[in-house]
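Because the structure is a prediction, the values reported are computed rather than measured.
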Amino acid sequence: MSHPGKTLGGNLTDLMEFVFLDFADVPNLQWFLFVLFLIIYIIILMSNGIIFLITKLDSALQSPMYFFLSSFSFLEICYVSVTLPRMLMNLATQRRRISLVACATQMCLVLILGGTECLLLAVMAYDRYVAICNPLHYPVVMNQGFCIQLVTGSWVIGIPVMIGQTYQIFSLHFCGSNQINHFFCDIPPLLKLACGDTFINEMLVFIVAALFVMVPFILIVGSYSKIISTILKLSSATSRAKAFSTCSSHLMVVMLFFGSAIITYLRPKTSQPEGTDKVLSLFYTILTPMFNPIIYSLRNNDVIMALRKWLCNKSLH
């Protein structure tokens, strides 16, 4: 896509820093937003941290499902810590500037962690598929070594791709306006600031998003199609309810995360309202990490029991 009026040449020079607009359009709400997002950040750190700890310490939560859940909680802590602290600093100080290098670093980390989350959610769906559709083979298939390989692969596979993606975005020339209408360095708002034709870059973004968002999503849909088919064939209503309860929390997280991510990176770029990317990003970068522990703990009796036991032990000491 070509951006008129933003061509190379003349007296235009490449930008060396950007300015976040984030929530500058509501100046009277800056401190309210600071307190709100600070509370959300504390909730995310504490809730995901507690789930990570109890799944590591409680002997009843040592199955592959909870191994993946602990990895997911740790990932959420990392993911939100890439964006929220800087946003809080911007709201508190009103100094919204970020250097080109810092912006590239933040984008790279967001992409790596976002890609990891997509893959890890697919791994968790595969775990539920094996547990429900092939229960007799579950202990053999989902052994400790294989689980570690799946989690490690989820973290590592996307690193070279996302570094390459970040490099090709920041190989563009940025001139003219340096204002990013967002609260972190994301691809869509940065492409709007680039000079010249960005069609090839947008196509590469689309391809990477298709690989790391749509492919895992299709695998998850396929896994749950098999799972639902298997559950409906169970003769006992109690067995069906138990099987559904182990999957429903994961499905809720999948819909919340993938829904907002797909709309952000794979929707047509024409005639979109200003600030749409910013609103959608709040879902997959902040709201999803906040709701994940609530969804998993409230809908999982094992986690609730482990949490009660942990709290009782704390109160006794």
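Residue Phe74 places its CZ atom among 12 or fewer non-hydrogen atoms of other residues, nucleotides or ligands, all under 6.0 Å distant. Other residues, nucleotides and ligands place no more than 12 heavy atoms under 6.0 Å from the NZ atom of Lys226. No more than 12 heavy atoms of other residues, nucleotides or ligands lie within 6.0 Å of CZ in Phe283, so this atom counts as exposed by the packing criterion. When the shell of 6.0 Å around CD of Gln144 is examined, it contains 12 or fewer heavy atoms from other residues, nucleotides or ligands.
Just one residue in the list Ile218, Leu219, Val213 forms a side-chain contact (heavy atoms from CB on, under 4.5 Å) with Val215, and that residue is Leu219.
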Item to check | side-chain contact (heavy atoms from CB on, under 4.5 Å) evaluation trace for Met142 with Phe68 | outcome: CA-CA 11 Å; Met142 303 304 291; Phe68 295 132; 3.6 Å; yes

Item to check | Ile227 and Cys133: CA distance, side-chain angles, deciding distance, side-chain contact (heavy atoms from CB on, under 4.5 Å) verdict | outcome: CA-CA 6 Å; Ile227 289 169; Cys133 300; 4.2 Å; yes

Checklist entry - Could you walk me through whether Phe23 and Asn90 pass the side-chain contact (heavy atoms from CB on, under 4.5 Å) check? => result CA-CA 10 Å; Phe23 305 101; Asn90 292 344; over 6 Å; no

Item to check | Verdict with supporting geometry, Leu121 and Phe258, side-chain contact (heavy atoms from CB on, under 4.5 Å) | outcome: CA-CA 10 Å; Leu121 284 169; Phe258 277 97; 3.6 Å; yes

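Taking the ring centroids of Phe37 and Phe183, they lie at or beyond the 6.0 Å cut-off.
Between Met87 and Phe184, the closest side-chain pair of non-hydrogen atoms is not below 4.5 Å. The side-chain heavy atoms of Thr198 and Lys192, taken from C-beta on, include no pair separated by under 4.5 Å. Tyr66 is listed as a side-chain neighbour of Val303, based on a closest heavy-atom distance under 4.5 Å. Proximity of Asn292 to Leu256: side-chain heavy atoms (C-beta onward) are nowhere separated by under 4.5 Å. Residues Lys233 and Ser229 form a side-chain contact, since some pair of their non-hydrogen atoms from C-beta on lies under 4.5 Å apart. With contacts defined as side-chain heavy-atom distances shorter than 4.5 Å, the pair Cys185/Ile98 qualifies. Between Ile77 and Leu45 there is a side-chain heavy-atom pair separated by less than 4.5 Å. The side-chain heavy atoms of Met162 and Phe212, taken from C-beta on, include a pair separated by under 4.5 Å.
Taken together through direct or relayed side-chain contacts under 4.5 Å among Ile, Leu, Val, Met, Phe, Trp and Tyr, Tyr79 and Met46 form part of one hydrophobic cluster. No single ILVMFWY cluster, assembled from side-chain heavy atoms under 4.5 Å apart, contains both Tyr167 and Val205. Connection of Ile51 to Ile43 is established within a shared hydrophobic cluster, with ILVMFWY side chains joined at heavy-atom distances below 4.5 Å, either directly or through further cluster members. Put simply, Ile39 and Ile286 are part of the same group of oily side chains (I, L, V, M, F, W, Y) that touch within less than 4.5 Å, one to the next. With hydrophobic clusters built from ILVMFWY side chains whose heavy atoms lie under 4.5 angstrom apart, Met255 does not share a cluster with Val253.
Residues Leu190 and Phe174 share a closest heavy-atom pair of O-CE2, 3.3 Å. Taking both residues in full, the closest heavy atoms of Met107 and Phe170 are given as SD-CE1, 3.7 Å, listed atom of the first, atom of the second, then distance. Contact record, Ile180 with Cys103: CD1-SG, 4.3 Å, taken as the closest heavy-atom pair. When all heavy atoms are compared, the tightest approach of Leu193 to Asn178 is CD1-C, 4.3 Å. Residue Ser281 comes nearest to Tyr284 through the heavy atom pair OG-OH, 3.3 Å, listed as atom of the first residue, atom of the second, then distance. The two residues Ser223 and Ala125 come nearest to each other via the heavy atoms CB-O, 4.0 Å.
In this structure, the separation between CG on Leu251 and CE on Met124 is 11.0 Å, given to the nearest 0.5 Å. One distance of note links CE of Met89 with CZ of Phe20; it measures 9.0 Å at 0.5 Å rounding. Separating the CZ atom in Phe257 from the CD1 atom in Ile220 is a distance of 9.5 Å, to the nearest 0.5 Å. Summarising the geometry, atom CG belonging to Leu75 is positioned 9.5 Å from atom CG belonging to Asn48; distances are rounded to the nearest 0.5 Å. The CG atom of Leu38 sits 12.0 Å away from atom CG of Leu33, with the distance rounded to the nearest 0.5 Å. Between Glu17 atom CD and Leu100 atom CG the span is 10.0 Å, to the nearest 0.5 Å.
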Pairs of donor and acceptor atoms involving the side chains of residues 145-160, under 3.5 Å and at least two apart or interchain, shall be tabulated with distances.
{"unit_1": "Thr152", "atom_1": "OG1", "unit_2": "Ile148", "atom_2": "O", "d": "2.7"}
{"unit_1": "Ser154", "atom_1": "OG", "unit_2": "Leu150", "atom_2": "O", "d": "2.9"}

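Looking only at distances, a side-chain donor or acceptor of Gln62 sits under 3.5 Å from a matching main-chain atom of Thr55.
Sorted by first and then second residue, the salt bridge (Lys or Arg N to Asp or Glu O under 4.0 Å) pairs involving residues 81-96 (not counting sequence neighbours) are Asp22-Arg96. Applying the salt bridge (Lys or Arg N to Asp or Glu O under 4.0 Å) test to residues at least two apart or on different chains, none of the pairs has a partner in residues 209-221.
Contacts of Ser81 classified as side-chain hydrogen bond (donor to acceptor under 3.5 Å, both in side chains), with partners at least two apart in sequence or in another chain: Tyr41. Residues meeting the disulfide bond (SG atoms under 2.5 Å apart) test with Cys118, sequence neighbours left out: none. Evaluation of the side-chain hydrogen bond (donor to acceptor under 3.5 Å, both in side chains) rule for Ser63 yields no partner, not counting sequence neighbours.
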